[in-house]
Amino acid sequence: MPKVGMQPIRRRQLIDATLNAINEVGMHDATIAQIARRAGVSAGIISHYFRDKNGLLEATMRDVTAQLRHAVLSRLQRLADASPEARLRAIVDGNFDDSQIHSAATKAWLAFWASSMHQPGLGRLQQISHRRLLSTLVFEFRRTLPPAQARLAGYGLVAMIDGLWLRAALSGEPFNLEAARTLTTQFIRQQLTQAHSN
């Protein structure tokens with residue numbers, strides 16, 4: 001967690017510089033000195049506010065996850081009275097928002113997931129992000145499905161979202177949004193249809 005007092009514009013510069021460095025050289029090879037140079041600040045500033053590279057990665061991922069929350073919530077707010085299917089599809093679309101699938105964000109997520117297994121702060125942030133997505137999906141499924149079935153459907157959709165995103169990230173190909181929407185929509189409809197057939 002960064003110390004209080006950093007100017008928002010300076011913070012934005014550092015986060016953007018971190019994303020750019022991860023995108024170009026990877027998290028392992030991105031040094032504090034490189035990131036500081038890209039942001040036009042001294043390495044001492046980064047050490048003062050973020051302690052080390054992991055602290056800067058945590059701040060960067062908090063920013064990326066805040067963009068993810070905004071992408072999902074802004075879509076849901078426009079669909080306050082919509083069907084469960086429409087709202088579930090909006091959550092999926094938020095997870096595949098441009099802010100989450102562009103090259104720098106994709107590489108940052110991969111670095112974050114790998115580092116979260118070894119860094120407690122990053123691990124907690126990863127768990128919070130996962131629980132937030134799961135609870136949001138389960139809440140929407142519960143509008144139609146019984147609680148146990150809604151939880152299973154939520155787990156299934158989380159796995160599908162993560163799997164589609166990870167497969168695209170590892171392939172090196174651009175994210176196929178149309179295919180992802182088609183597959184997730186089929187899954188959502190299958191789950192909701194089961195409620196009406198039982």
Side-chain angles (χ1 to χ4, degrees), residues 1-4 6 11-12 14-32 35 46-47 49-76 88 90-142 150-172 175 177 180 183-184 187:
M1 184 73 85
K3 294 181 181 178
V4 178
M6 173 168 270
R11 180 183 173 81
R12 180 81 260 152
L14 281 168
I15 287 170
D16 289 343
T18 304
L19 285 168
N20 289 334
I22 292 171
N23 188 40
E24 290 179 25
V25 301
M27 185 62 189
H28 180 74
D29 291 329
T31 65
I32 290 288
I35 294 168
I46 294 177
S47 297
Y49 284 105
F50 300 99
R51 294 184 317 275
D52 55 21
K53 195 164 70 171
N54 285 324
L56 188 52
L57 176 59
E58 183 175 343
T60 299
M61 291 314 301
R62 285 185 185 280
D63 185 79
V64 172
T65 56
Q67 290 178 45
L68 172 57
R69 273 195 311 280
H70 175 75
V72 170
L73 292 176
S74 63
R75 286 167 170 82
L76 288 176
L88 286 160
I91 295 166
V92 170
D93 279 351
N95 276 270
F96 298 146
D97 184 74
D98 286 343
S99 67
Q100 304 302 306
I101 61 172
H102 67 77
S103 178
T106 297
K107 290 176 184 174
W109 272 110
L110 288 172
F112 169 62
W113 280 350
S115 298
S116 69
M117 292 184 280
H118 308 288
Q119 301 294 327
L122 297 178
R124 284 190 296 275
L125 182 56
Q126 192 277 332
Q127 290 168 5
I128 290 167
S129 177
H130 172 78
R131 282 197 301 264
R132 183 177 289 128
L133 174 57
L134 177 60
S135 66
T136 303
L137 291 172
V138 170
F139 177 83
E140 295 300 335
F141 274 120
R142 283 190 68 172
R151 189 151 185 84
L152 279 175
Y155 270 114
L157 191 50
V158 166
M160 183 169 274
I161 290 167
D162 287 348
L164 288 165
W165 183 91
L166 185 59
R167 177 49 44 207
L170 295 176
S171 74
F175 189 86
L177 184 56
L183 290 167
T184 52
F187 178 84

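Positions are given from 1 along the sequence. Values below: every heavy atom of this structure, side chains too, minus hydrogens, waters and symmetry copies.
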Non-hydrogen side-chain atoms of [X] and [Y] separated by less than 4.5 Å:
X	Y	value
Val64	Phe112	no
Arg11	Tyr49	no
Leu166	Trp109	no
Met27	Lys53	yes
Ile91	Leu76	yes
Val72	Leu133	no
Asp98	Phe175	no
Val92	Ile161	yes

Closest contact, heavy atoms only, [X] versus [Y]:
X	Y	value
Gln100	Gly94	CG-O, 4.2 Å
Ala111	Leu57	O-CD2, 4.4 Å
Ala108	Leu19	CB-CD2, 3.6 Å
Ala169	Leu110	CB-CD1, 4.0 Å
Ile35	Ala30	CD1-CB, 4.4 Å
Gly154	Leu134	C-CD1, 3.6 Å

At what distance, to the nearest 0.5 angstrom, does [atom1] of [X] lie from [atom2] of [Y]?
X	Y	atom1	atom2	result
Thr184	Phe96	OG1	CZ	6.0 Å
Asn95	Leu137	CG	CG	7.5 Å
Ser129	Met61	OG	CE	7.5 Å
Arg132	Thr65	CZ	OG1	6.5 Å
Thr136	Leu157	OG1	CG	11.0 Å
Leu14	Leu56	CG	CG	6.0 Å

Side chain to side chain donor-acceptor pair (under 3.5 Å) evaluation trace for Asn54 with Glu58: CA-CA 6 Å; Asn54 285 324; Glu58 183 175 343; over 6 Å; no

side-chain contact (heavy atoms from CB on, under 4.5 Å), paired with Leu125, selected from His130, Gln119, Arg62: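 Considering His130, Gln119, Arg62, a side-chain contact (heavy atoms from CB on, under 4.5 Å) with Leu125 is found only for Arg62.
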
Flag if over 12 foreign heavy atoms under 6.0 Å of CZ, Arg167: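 Open: at most 12 neighbouring heavy atoms sit under 6.0 Å from CZ of Arg167.
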
Neighbour count >12 (heavy atoms, 6.0 Å) for atom CZ, Arg75: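 Counting other residues, nucleotides and ligands, CZ of Arg75 exceeds 12 neighbours.
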
Pairing residues for Phe187 by the ring pair (Phe, Tyr, Trp, His ring centres under 6.0 Å) criterion, not counting sequence neighbours: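 For Phe187 there are no ring pair (Phe, Tyr, Trp, His ring centres under 6.0 Å) partners, ignoring immediate neighbours.
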
